[in-house]
Amino acid sequence: MNNTDKIRVRFAPSPTGNLHIGGVRTAIFNWLFAKANNGTFILRIEDTDQNRYDKDSEDSIISSLNWLGIKWDEGPIRQSEKQEDYIKVAKELIDAGWAYYDDTTSEELEELRKQQIREKRPPRYDNRGRYKEITHEQYNANNSTLNPIVIRFKVPDSGAKPFYDEIRGNVSFDLKEIDDFVILKSDGMPTYHLAHVVDDHEMKISHIIRGEEWISSTPRHVLIHDALDWNLPKYVHVPLILGKDKSKLSKRHGAESALEYKEKGYLPEALLNFLALLGWSPGDNKEIMNLSEIIEKFTIKRILGHPAVFDPEKLEWMNGSYIRNLNDEELSKYILNEINKDIKSGGLLSDSVDSNILISKISSITPLIKERLKTFSESSYLVEYFFYDNFKIEKEKLLPKKVESFQIIEGLKKLIELIIKIEEFEPENLEVQFRKLAEDLNLKAGQLFFPIRIALTGRKESPPLFDTMKVIGRESSIKRLDNAINILN
RNA sequence: GCCCCGUUGGUGUAGUGGCCUAACACGCCUGCCUUUCACGCAGGAGAUCACCGGUUCAAAUCCGGUACGGGGUACCA
């Protein structure tokens, strides 16, 4: 009875907060499925809750998707703009005997719930509104904040409502477990249950790919479809993403919104690749995949039915791997961007460096820090010492074990002479000469190299010594060595 | 409480009845490389496939129960 075989899917977040990692993963699955099947991906904003609505979060959703390169073919469609559609369907349902008006107050509901809990019965609406027989006219005349009236769906008292989930197979719920649920709130807005069913039907959605938290309300959705005599879409309930302690992913587990990962210096390709592998796998051993590979391999059948724990360390590793695959020009731009961000916020390098010098320096530093970078937020730290000639160094740091201070001083002095004299200021050349010098001074290479590294960088770890020296330059290298001699004296 | 879904090393996954003496990746450890760090390379530790029972000549794989985890139980999505 399907009117079309065309694949149409949607991502339908509600604008009530940041788009978190779990939501992003759901968006990715929808989008990949559409891409893999030449289908249509639709963005729909489910903003029917006026109380929780937050304009900023809609922007956050959109910029998150943009950042990740997830483009929608239709939308964004906002449910708040189509209120009449839902009201119309809700009234149809009333006329057909599938729904009714109910003016039970929240106080009454609360009282009912308390009583049920007291009697150790499952808390559930008792369907009392069915017998009130409120008419359209009475509703129109009386519904107000003082006398709120909702529309509820009339759920059959017995029987079962099985449905087929593409990941889990047949799932069945007893209808006696389900009470008459609200489909139109007293403010005239639909609940999720009604709104999404109407929209998915209007938009001819073929597959509903959504989080597992929806699985237990699916029978209601099937019920509405049946009452309206609409075709059922295919249901695909994807597992949730959990934090390290197996609880629902939250702020406690590190960054949780997609945009925070952008801020922290992750590459969107890496995040996407990583998230695609949470709850899905292509079945081969390949993990680092470009977009077209992922699309090519993506099938719903290979989505798992159990939740995955989010592992930030593995994401970091994957990001580093993507960074190493960038070419130097691209990487340079990312690093520069990060540095500029830091300068603006008054962080590292805020002593203002001429922007032309900054650009050329960063591009020569880039190859040196490339395989030391896991996220761009580390850029400033890794790059910092290339820009300053004077930094505080503790005397002890300059002295390796079993070497006397005067030996180092002598070594550094000779080094300076050597640097002044040397014709080609190139890493290979420098290394050969330095090794010879160490020998002449009766020092092991390491004994001499160690203080040089400290003198040049202020740190005990850095990129290869002579490459670093080359980027620092002849003049600055001399200054720094000189500085170290002064500290030792 | 009740309902639904799930359960392979610490984590993500592979495995769909014999090839499993359980594979790959992250993480961890050791060594090599680099006289530093990282990258890379070579190794290693780590899983009685949640448990119990059944089906079968044969089970991580099929069935049932138990335990544990997750989700739901709103005029939220």
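The sequence lines fix the lettering, A, B, ..., with proteins before strands; numbering per chain opens at 1. In this text the structure is predicted, and so the values were computed from the model without any measurement. Note that these values count all heavy atoms, side chains included, but never hydrogens, waters or copies made by symmetry.
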ask   = If you look at every strand shown and take non-hydrogen atoms under 4.0 Å, does P13(A) touch a base, only sugar-phosphate, or nothing?
value = nothing

request  = Examine C37(B): is either OP1 or OP2 under 4.0 Å from a nitrogen or oxygen in the side chain of R459(A)? Give yes or no.
outcome  = no

ask   = What is the nucleic acid contact for P463(A), judged by heavy atoms within less than 4.0 Å: base, sugar-phosphate only, or nothing?
value = base

Pairing residues for E84(A) by the side-chain contact (heavy atoms from CB on, under 4.5 Å) criterion, not counting sequence neighbours = none

task = Using the P atoms only, state how far U30(B) lies from C37(B), rounded to an integer number of Å.
result = 12 Å

Show each protein N/O and nucleotides 38-41 of chain B N/O combination with a separation under 3.5 Å, one pair to a line.
unit_1: A38(B); atom_1: O2'; unit_2: E371(A); atom_2: O; d: 2.1
unit_1: C39(B); atom_1: O3'; unit_2: R324(A); atom_2: NH1; d: 3.3
unit_1: G40(B); atom_1: OP1; unit_2: R324(A); atom_2: NH1; d: 3.4

inquiry  = Classify R210(A) by what it touches in the nucleic acid, base, sugar-phosphate, or nothing, heavy-atom distance under 4.0 Å.
reply    = nothing

ask   = Are side-chain heavy atoms of R113(A) and Y125(A) found at a separation under 4.5 Å?
value = no

message = Suppose the criterion is ring-ring contact (aromatic ring centres under 6.0 Å, His included): which pairs have a residue in residues 435-465 of chain A, not counting sequence neighbours?
response = F449(A)-F466(A)

task = Using a heavy-atom cut-off of under 4.0 Å over every strand shown, decide if R152(A) touches base, sugar-phosphate, or nothing.
result = sugar-phosphate

note = Regarding the side chain of D49(A), the nearest nucleotide among C76(B), C75(B), C37(B) is C76(B)

Residue pair I208(A) / H196(A), side-chain heavy-atom distance below 4.5 Å = yes

request  = Output yes when R152(A) and D102(A) qualify as a salt bridge under the 4.0 Å nitrogen-oxygen rule, no when they do not.
outcome  = yes

Under-3.5 Å N/O pairs linking protein and nucleotides 31-33 of chain B:
none

E396(A): partners by salt bridge (Lys or Arg N to Asp or Glu O under 4.0 Å), with sequence neighbours left out = none

message = Nearest to the side chain of L109(A), heavy atoms from C-beta on, is which of U36(B), C5(B), C75(B)?
response = C75(B)

query = Base, sugar-phosphate, or nothing: which does T104(A) touch, judged by heavy atoms less than 4.0 Å apart?
reply = base

task = Answer with yes or no whether the side chains of Y100(A) and D180(A) bring together a donor and an acceptor at under 3.5 Å.
result = yes

inquiry  = What does the B/S/- profile of nucleotides 10-16 of chain B look like, 5' to 3', with a 4.0 Å heavy-atom cutoff to protein?
reply    = -SBSSS-

query = Closer than 4.0 Å, any side-chain N/O of T48(A) to the OP1 or OP2 of C76(B)?
reply = no

message = Counting only side-chain nitrogens and oxygens, does K176(A) get under 4.0 Å of the OP1 or OP2 atom of C3(B)?
response = no

Partner of F29(A) by ring-ring contact (aromatic ring centres under 6.0 Å, His included), out of W280(A), F11(A), F298(A) = F298(A)

query = Any donor and acceptor pair, going by atom type alone, linking the side chain of N142(A) with main-chain N or O of Q138(A) inside 3.5 Å?
reply = yes

